[in-house]
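Comments concern the structure below.
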Amino acid sequence: MFNLLNMDLYRVKRSKSVYVCLCIFFAITVLVYWMLWLLATPGGQEKAVSIGLILAEERESAADVLSGVDSLVMFRQICQDGGMYKVVFGIWVMLFVCSDFQGGFIKNIMALHQKRQNYIGSKIITVGIVNFCFLVLNLIFTLMMNRLFGNMVPYAGWKDLLFYLSWDWLLTTAFGALIILVCILTRSVAAGAAVSVLLGSGMIVMMLYGTLNVFHMGGWMKYTIYLTGSMGPGRYTSMKDLYVYVVGAGFLVLYTVAAGIALKRQDI
């Protein structure tokens, strides 16, 4: 499996898509900070009024947009809670996995490596490593932008940052495992992209959640990947907060095992 892992990591390093995704995250972060600077800071508000973004009498109410926000909340609201991160990350995973099937490269891999579970293991580990890099670099960039824009929000404690990053990494890696499963089952770029957008953005989940709540039956959906990621705790307060690790680990194991079984039963 380590030979496969080395090959996958080499492909990631040489791939343009991983750097494009990272640039998308950075661009969104810069855009959000710039918009908040216009709305919530005196210098920014003067510029916003001059360009007609807000009215002069709206300055005080516009400044409230950062009320109760720290660097961790900012990081979550930029990409994480709304699902943008999962959408972009899921599309990258789809491109990474489907490229093996599109070019017929999967046949060469299976000819050299008979144990198909090693293929799944390599893909999951690679996705986990890339996910870790995305999250950490995006967080560092978010903190840098906060400093660049004059420390618009207070900095969260490092313990809170580590707690959130650890369970969010587990949850988003599980989402990556789901995309791997979809790609193996369908071998379709369109299917992988559709699942990334529809589930990553929460479109399907929120529609179903709202419908079930009408009948008071939607409580279980709080433990889906999307809603756990959006509603999960930002800081550790009690043992109950650890449910996020159980959800993330459970889905990661489930989708990894399912992907292994699906690949084993398919003809290559």
Side-chain angles (χ1 to χ4, degrees), residues 4-37 71-100 102 122-149 152-153 155-156 158 161-180 182-183 189 192-202 225-226 229-230 232 234 248 252:
L4 278 171
L5 181 59
N6 286 332
M7 180 188 67
D8 282 336
L9 291 176
Y10 177 78
R11 288 175 56 203
V12 168
K13 184 179 178 182
R14 302 274 296 185
S15 170
K16 293 181 181 179
S17 60
V18 70
Y19 301 107
V20 170
C21 291
L22 197 56
C23 288
I24 290 173
F25 296 139
F26 288 172
I28 294 172
T29 301
V30 172
L31 179 61
V32 170
Y33 265 101
W34 181 69
M35 290 298 298
L36 291 176
W37 177 79
S71 57
L72 178 56
V73 174
M74 180 74 80
F75 174 68
R76 292 187 63 165
Q77 291 184 351
I78 288 174
C79 285
Q80 302 300 118
D81 290 355
M84 177 61 71
Y85 179 85
K86 294 183 184 67
V87 171
V88 177
F89 178 61
I91 290 175
W92 174 81
V93 174
M94 174 273 295
L95 293 173
F96 175 62
V97 176
C98 285
S99 63
D100 289 349
Q102 286 182 321
S122 175
K123 288 291 184 285
I124 295 293
I125 293 174
T126 301
V127 165
I129 291 173
V130 172
N131 186 28
F132 177 80
C133 293
F134 277 165
L135 289 172
V136 172
L137 291 175
N138 201 21
L139 175 60
I140 292 173
F141 189 76
T142 301
L143 298 178
M144 289 173 57
M145 286 298 101
N146 190 49
R147 177 63 61 89
L148 182 65
F149 280 90
M152 286 197 300
V153 298
Y155 291 92
W158 65 269
L161 291 174
L162 289 179
F163 172 69
Y164 175 74
L165 275 184
S166 60
W167 69 257
D168 190 49
W169 172 83
L170 197 59
L171 205 65
T172 46
T173 301
F175 183 74
L178 169 61
I179 303 303
I180 292 174
V182 171
C183 291
V189 170
V195 172
S196 298
V197 173
L198 294 176
L199 293 184
S201 65
I225 289 178
Y226 177 79
S230 298
L252 179 58

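Between the T173 side chain and the L170 main chain, no donor and acceptor come within less than 3.5 Å of each other. In terms of modelled atom types and a separation under 3.5 Å, the side chain of Y164 and the main chain of V73 share no donor-acceptor contact. No side-chain donor-acceptor contact under 3.5 Å links N146 to the backbone of Y155. Of the possible polar contacts, none joining the D168 side chain to the G229 backbone as a donor-acceptor pair under 3.5 Å is found. Checking side-chain atoms of W169 against main-chain N and O of N131 turns up no donor-acceptor pair under 3.5 Å.
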Quiz item: Would S166 and L162 satisfy side-chain contact (heavy atoms from CB on, under 4.5 Å), going step by step from the backbone distance to the final call?
Solution: CA-CA 6 Å; S166 60; L162 289 179; 6.0 Å; no

Quiz item: How far apart are the C-alpha atoms of L252 and I124, what are their side-chain angles, what is the distance that settles it, and do they pass the side-chain contact (heavy atoms from CB on, under 4.5 Å) test?
Solution: CA-CA 9 Å; L252 179 58; I124 295 293; 4.3 Å; yes

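Results of the side-chain contact (heavy atoms from CB on, under 4.5 Å) test with V136 over L139, I140, N138 single out I140 as the only residue that passes.
Distance CE/M152 to OH/Y33: 6.0 Å, rounded to 0.5 Å. Once rounded to the nearest 0.5 Å, the distance linking CG of L31 with CZ of F26 reads 15.0 Å. From Y10, atom OH reaches atom NZ of K13 across 8.0 Å, with rounding to the nearest 0.5 Å. In this structure, CE in M145 is found 12.0 Å from CE in M74, a value given to the nearest 0.5 Å. With rounding to the nearest 0.5 Å, the separation of OG in S196 from CG in L178 is 8.0 Å.
Put simply, the side chain of M84 does not reach to within 4.5 Å of the side chain of I24, judged on heavy atoms. Here the side chains of C21 and F134 are in contact, with some heavy-atom distance below 4.5 Å.
Contact detail for D81 and Y226: the closest heavy-atom pair is O-OH, 3.7 Å. Residue V189 comes nearest to C98 through the heavy atom pair CG2-CB, 3.9 Å, listed as atom of the first residue, atom of the second, then distance. Listed here is the closest heavy atom pair of V127 and F89: CG1-CZ, 3.4 Å. Closest of all the heavy-atom pairs between A156 and L72 is CB-CB, 3.7 Å. Nearest approach of I225 to L171, heavy atoms of both residues: O-CD2, 3.4 Å. Nearest approach of F175 to V195, heavy atoms of both residues: CZ-O, 4.3 Å.
Counted by atom type alone, S122 and D8 present one or more donor-acceptor pairs between their side chains at under 3.5 Å. For the 3.5 Å distance criterion, the side chains of R11 and T126 fail to qualify, holding no donor opposite an acceptor.
The neighbour count for Y19 OH, taken as heavy atoms of other residues, nucleotides or ligands under 6.0 Å away, is above 12.
In this structure, Y85 and F25 have parallel ring planes: the angle between them is below the 30° cut-off, well short of the 60° mark.
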